[in-house]
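Input: a single structure, listed below in structure tokens.
Reckoned from all heavy atoms, side chains included, excluding hydrogens, waters and symmetry mates. Numbering of residues begins at 1 and proceeds along the displayed sequence.
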Amino acid sequence: MSILAWIILGLVAGFIGSKIVNKSGEGIIRDILLGIVGAFVGGFFFSLLGAQGVTGLNLWSLIVAVIGAVVFLRVPQPDVCNTTA
């Protein structure tokens, strides 16, 4: 997939994923990054299940990326700012 296709897929998947989880968009840059990370996460999990991951700029890849984005947003992130031991 080309860089432009990754950006388009990332924007759409990130926006949909953030709307599902947070009920609001994250902003254009964060939505693009969220969608691209979601594509990798979704592709990894789908390949573990024996299904195809992201295959191009199509509906299946969008579904995989949205599911990956939702999983990524639902996983608790470590609090790196908390320095108390």
Side-chain angles (χ1 to χ4, degrees):
M1 249 178 21
S2 70
I3 298 291
L4 184 61
W6 275 106
I7 291 172
I8 292 169
L9 179 72
L11 176 62
V12 175
F15 180 74
I16 293 171
S18 63
K19 283 288 195 179
I20 290 171
V21 174
N22 299 334
K23 306 293 188 252
S24 65
E26 298 287 333
I28 191 164
I29 301 297
R30 288 183 69 181
D31 281 342
I32 290 171
L33 294 175
L34 174 62
I36 292 173
V37 169
F40 282 109
V41 170
F44 175 74
F45 283 124
F46 274 70
S47 67
L48 286 179
L49 298 173
Q52 247 182 344
V54 175
T55 59
L57 190 57
N58 53 38
L59 183 61
W60 176 253
S61 296
L62 181 64
I63 292 169
V64 170
V66 168
I67 291 172
V70 169
V71 167
F72 181 74
L73 285 173
R74 288 290 185 188
V75 171
Q77 303 298 319
D79 188 12
V80 295
C81 295
N82 189 358
T83 58
T84 58

Spacing of [X] atom [atom1] and [Y] atom [atom2] [to the nearest 0.5 Å]:
{"X": "Leu11", "Y": "Ile29", "atom1": "CG", "atom2": "CD1", "answer": "9.0 Å"}
{"X": "Ile36", "Y": "Phe72", "atom1": "CD1", "atom2": "CZ", "answer": "12.5 Å"}
{"X": "Asp31", "Y": "Ser18", "atom1": "CG", "atom2": "OG", "answer": "4.0 Å"}
{"X": "Leu9", "Y": "Ser2", "atom1": "CG", "atom2": "OG", "answer": "10.5 Å"}
{"X": "Phe15", "Y": "Ile28", "atom1": "CZ", "atom2": "CD1", "answer": "10.5 Å"}

Residues, nucleotides or ligands: over 12 heavy atoms within 6.0 Å of Ile20 CD1 = yes
Hydrophobic cluster identity match, Ile63 and Leu48, side-chain contacts under 4.5 Å = yes
Do Leu49 and Leu62 share a hydrophobic cluster, counting only Ile, Leu, Val, Met, Phe, Trp and Tyr and linking them when any side-chain heavy atoms are less than 4.5 Å apart?
-> no
Got a donor-acceptor contact below 3.5 angstrom from the Ser47 side chain to the Gly53 backbone?
-> no
Is there a donor-acceptor pair under 3.5 Å between the side chain of Ser61 and the backbone N or O of Leu57?
-> no
Distance-minimising heavy-atom pair for Ala69 and Gly17 | CB-CA, 4.4 Å
Carefully, step by step, assess Val54 and Trp6 under the rule side chain to side chain contact (heavy atoms under 4.5 Å, CB included).
-> CA-CA 10 Å; Val54 175; Trp6 275 106; 4.3 Å; yes
So do Phe44 and Val41 actually touch side chain to side chain, heavy atoms under 4.5 Å?
-> no
Worked check of side chain to side chain contact (heavy atoms under 4.5 Å, CB included) between Val64 and Trp60 | CA-CA 6 Å; Val64 170; Trp60 176 253; 3.6 Å; yes
